[in-house]
**Student:** 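Take this structure, written in structure tokens, and hold onto it; I'll ask about it next.
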2 protein chains.
Amino acid sequence: MTVARVRSGGRPTLEEVAARAGVGRGTASRVINGSPRVSAHTREAVEAAVAELGYVPNRAARALAGNRTDAIALVVPESESRFFAEPYFSDIVRGVGAALAETDMQLLLTLAGSDRERRRLAQYLTAHRVDGVLLVSVHADDPLPDLLEQLGMPAVMSGRRSASEPLAAVDSDNFEGARSAVDHLISRGRRSIATITGHLDVYGAQRRLDGYRKAVASAGLDPDERLIAPADFTEEGGARAMRDLLARRPDVDAVFAASDVMAAGARQVLREEGRRIPDDVALVGFDDSAVARHMDPALTSVRQPIEEMGREMTRVLLQEIAGEDLERPQIVLPTELIVRDSS
Amino acid sequence: MTVARVRSGGRPTLEEVAARAGVGRGTASRVINGSPRVSAHTREAVEAAVAELGYVPNRAARALAGNRTDAIALVVPESESRFFAEPYFSDIVRGVGAALAETDMQLLLTLAGSDRERRRLAQYLTAHRVDGVLLVSVHADDPLPDLLEQLGMPAVMSGRRSASEPLAAVDSDNFEGARSAVDHLISRGRRSIATITGHLDVYGAQRRLDGYRKAVASAGLDPDERLIAPADFTEEGGARAMRDLLARRPDVDAVFAASDVMAAGARQVLREEGRRIPDDVALVGFDDSAVARHMDPALTSVRQPIEEMGREMTRVLLQEIAGEDLERPQIVLPTELIVRDSS
DNA sequence: GCGTAGAGTGGGAGCGCTCCCAAAAGGTAG
DNA sequence: CTACCTTTTGGGAGCGCTCCCACTCTACGC
């Protein structure tokens, strides 16, 4: 892997490569950057010199001269523990990494939780330290998307804040995911199907509720509002919601929770109340996280294609950076229902 | 053409800041970089100009001129799913981010799983694209640590490969963690305590086994080798090991698994065999992951201070970059036993 | 009063690249 | 063979910063 090279001074420069190939600096640069305006003969000579010297372009010099950085930032709201929970973060990163592997773009990780960090972030972007931005888990009142739009900075977000975004967005199909989960419960013969929702100012949570409603309506079931319990994506919230549901509608025979963690909370309450899962009450979650796989009984859950979302976001961002203007694509990726013992 | 540039758009430069403050470029630079050789009066003038113009230094120019990048790389072996599993990855990142928040260092995320990527990585490092490297989850036969040592690149690893490393390393106290877990089982009156180990060519796994042995010996218990079942950190491996244990020593009344995931596999088998947890067999895991919290019964587990490890690694790396030579500190952070229902 | 040591300051000389213009080389038609 | 295009090529001019040398200006000693 490492060629022992006796060089007088540090890393070779473009100038040295050019000299070795017997061409000018400009020509060498053209070859390195794949310009077509170079004769085949010259190209070969330069490529040989590059190989012999083990030349690697200096990023800083390139960035300074070319006014670009060959780097994108992944902005992570560290305050939001939900995002950091398995499997979201690692899967997104994996997808982004996969999409970036083909290019020589660098991935900058930016934790922007506190105000202080958001201020720093704004500076980063303004100072053009990156060519593009990947925004994940954006809050409804997050100013960042608009700021980026204003600055004309290429950016893609995952998880929309509303139906119409100023930025390109990649999301999973929350509506269909929820609907498929409830359809599944219906096909199992359940009739009194409740749902535990997430914060409804999160667009995805709203869409999951919409999907639930749609499935219930399509099946001609009773659309009782008492079967809808709002919660906040936490385990405690899920437990509380489950208690409310049991109090209001003791005949409930199935629950669709908008996250696995809330389902875990619900399961706890159901068990305390002596309801068997799935015999008395069937339970379905959302996310297909480790929690679902290791719950007892194993939890049926809606899987989101997180890694693919990361890949897709990156793909769109790279296109935007390349200047292929695709006026804010809003991409929606399909979910998959993973059926386990709880339903 | 020597006409002073009148820049209407774009970011302000140092030159412009200097002009505005009525000083030379060199002096302005000194203020920006906190040099003490500037009079208070001048400093104030420059700082005012910086504030008025909203000046942010250009990283590329700084890197090019100063021969440093103000960036460190976090090298992640993406192939190893164990690392990507919760909570390791996100917690490390959180810790690193926290330590970096004080500085204006950037964090570069590098997925180096495949050979192709490792080659690229070597180039990155050789081309001095970063000032330092954070290495996590290093394999026993990983060449990277030695390569970095050779190149004289500041680097810190988490999780050692052996007792003596060429690089600074930060690790959790696997030995004491394991010992405390087994001590706990002993204090609960267990006498036939088995262990399910991870791959023993992983240093941490070996240390956990050592801790187990030490605790067993200290308590004067029977050090039966049949109570030691080697596995591989996977759920299936844990299940297989548990089956072996039950076959060899049906009287086993406690199991210390070297990871929560393996404990989950063991739990499955115990349940199948009709052994109650913790009544018949007490179970303890390692990692304190989501799996542990959501297992039924909730799993007693050894918590590693992952986030703190990330913070500590970064702290050490920054010192190394700053040139404070602390000859390869080997830092070991304490673990904590989280007692739950399974023991 | 003259010298001398700092402290404080200005700006030239790059860092290694891309951009772009002008010159050289090669082709073609008349 | 000449005029005129069309590639192909070389290299100057920066990009915005840090480093460092030389210079100015003070304060102090004798």
Side-chain angles (χ1 to χ4, degrees), chain A residues 7-46 49-50 53-71 104 123 126-129 131, chain B residues 1-7 9-46 49-50 53-71 104 126-129 131:
Chain A
R7 297 201 44 72
S8 43
R11 308 290 315 159
T13 68
L14 226 209
E15 199 84 47
E16 293 174 298
V17 169
R20 174 128 190 173
V23 302
R25 178 169 31 78
T27 302
S29 174
R30 257 167 242 130
V31 173
I32 303 289
N33 293 290
S35 159
R37 330 187 70 63
V38 183
S39 70
H41 175 258
T42 305
R43 178 181 308 283
E44 276 162 31
V46 174
V50 166
L53 297 176
Y55 171 75
V56 179
N58 179 314
R59 258 179 198 263
R62 193 175 250 183
L64 183 56
N67 199 37
R68 53 168 181 153
T69 61
D70 285 337
D104 71 336
Q123 285 194 327
T126 323
H128 285 295
R129 283 172 178 174
D131 294 342
Chain B
M1 190 159 87
T2 42
V3 179
R5 283 160 308 168
V6 180
R7 302 171 55 83
R11 308 292 316 158
T13 67
L14 226 208
E15 198 84 49
E16 293 173 303
V17 170
R20 174 129 192 168
V23 303
R25 181 170 27 80
T27 303
S29 173
R30 258 167 241 129
V31 173
I32 303 289
N33 293 290
S35 158
R37 328 186 72 66
V38 183
S39 71
H41 175 259
T42 304
R43 177 181 310 283
E44 275 162 31
V46 173
V50 165
L53 296 176
Y55 171 75
V56 179
N58 179 314
R59 256 180 200 261
R62 193 174 249 183
L64 182 57
N67 197 37
R68 57 172 178 149
T69 61
D70 286 337
D104 71 335
T126 322
H128 284 296
R129 284 174 177 172
D131 294 342

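All values derive from a computational prediction rather than experimental measurement.
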**Student:** If I take atom CG in residue Asn67(B) and atom P in nucleotide dA13(C), what distance separates them, rounded to the nearest angstrom?
**Tutor:**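 From Asn67(B) CG to dA13(C) P: 21 Å.
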
**Student:** Under 4.0 Å: is that the gap between some side-chain N or O of Thr27(A) and OP1 or OP2 of dG10(D)?
**Tutor:**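 It does, given that an N or O in the side chain of Thr27(A) lies less than 4.0 Å from OP1 or OP2 of dG10(D).
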
**Student:** Taking C-beta and beyond as the side chain, do Arg25(B) and Thr13(B) meet within less than 4.5 Å on heavy atoms?
**Tutor:**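 With C-beta onward as the side chain, the pair stays apart.
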
**Student:** With the side chain of Arg68(A) defined as its heavy atoms from C-beta on, choose the nearest nucleotide among dT9(D), dT18(D), dT18(C).
**Tutor:** dT18(C)

**Student:** Without decimals, in angstroms, what is the distance between Leu14(A) CG and dG12(D) P?
**Tutor:** 15 Å

**Student:** Report yes if at least one side-chain N or O of Arg37(A) is closer than 4.0 Å to OP1 or OP2 of dT8(D); otherwise report no.
**Tutor:**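 Indeed not, no polar side-chain atom of Arg37(A) lies that close.
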
**Student:** Looking at side-chain heavy atoms only, is the closest gap between Arg11(A) and Asn58(A) below 4.5 Å?
**Tutor:**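 Counting from C-beta outward, Arg11(A) and Asn58(A) never come under 4.5 Å.
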
**Student:** Expressed as a whole number of angstroms, how long is the span from Glu15(A):CD to dG11(D):C1'?
**Tutor:** 9 Å

**Student:** Grab the CZ-P distance between Arg11(A) and dC17(C) for me, whole Å please.
**Tutor:**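 Checked: the CZ to P distance equals 11 Å.
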
**Student:** To the nearest angstrom, how far is His41(A) atom NE2 from dA25(C) atom P?
**Tutor:** 15 Å

**Student:** Report the nucleotide, chosen from dG8(C), dT7(D), dG16(D), that has the shortest atom-to-atom distance to any side-chain atom of Leu64(B).
**Tutor:**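 It is dG16(D).
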
**Student:** Respond yes when some side-chain nitrogen or oxygen of Ser39(A) is under 4.0 Å from OP1 or OP2 of dT9(D), and no when none is.
**Tutor:** yes

**Student:** Would you mind telling me which residue lines up with the more 5' stretch of DNA chain C, Asn58(A) or Arg43(B), judged by nearest nucleotide?
**Tutor:** Arg43(B)

**Student:** Where the side chain of Tyr55(A) is defined as all heavy atoms beyond and including C-beta, which of dC17(C), dT18(D), dT9(D) is the nearest nucleotide?
**Tutor:**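 Of all the options, the side chain of Tyr55(A) is nearest to dC17(C).
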
**Student:** What is the distance, rounded to the nearest whole Å, between atom CZ of Arg59(B) and atom P of dT18(D)?
**Tutor:** 12 Å

**Student:** Of all the nucleotides listed (dG16(D), dT9(C), dT7(D)), which has the minimum atom distance to the side chain of Thr13(B)?
**Tutor:**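 Taking heavy atoms from C-beta onward, the closest nucleotide is dG16(D).
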
**Student:** Rounding to a whole Å, what distance do you find between Ile32(B):CD1 and dT18(D):C1'?
**Tutor:** 12 Å

**Student:** Quick one, Arg30(B) and Val23(B) - any side-chain contact, counting heavy atoms below 4.5 Å?
**Tutor:** no

**Student:** What distance separates Asn33(B) CG from Arg62(B) CZ, expressed to the nearest 0.5 Å?
**Tutor:**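 Asn33(B) CG to Arg62(B) CZ: 5.0 Å, rounded to 0.5 Å.
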
**Student:** dC17(D), dC17(C), dT8(D): which one has an atom nearest the side-chain heavy atoms of Pro57(B)?
**Tutor:** dC17(D)

**Student:** Take Arg30(B) and Ala61(B), find for each the nucleotide of DNA chain D with the closest heavy atom, and name the residue whose nucleotide sits nearer the 5' end.
**Tutor:**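 The residue whose closest nucleotide sits nearer the 5' end is Ala61(B).
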
**Student:** Can you tell me how far C1' of dC17(C) sits from CG of Asn33(A), to the nearest Å?
**Tutor:** 9 Å

**Student:** Which is true for Arg25(B) with a 4.0 Å heavy-atom rule: it touches a base, it touches only sugar-phosphate, or it touches nothing?
**Tutor:** base

**Student:** CG/Asp104(B) to CZ/Arg129(A) distance, rounded to the nearest 0.5 angstrom?
**Tutor:** 6.5 Å

**Student:** Pick the nucleotide of DNA chain C nearest each of Gly22(B) and Ala65(B); which residue has the one closer to the 5' end?
**Tutor:**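 Looking at DNA chain C, the more 5' nearest nucleotide goes with Gly22(B).
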
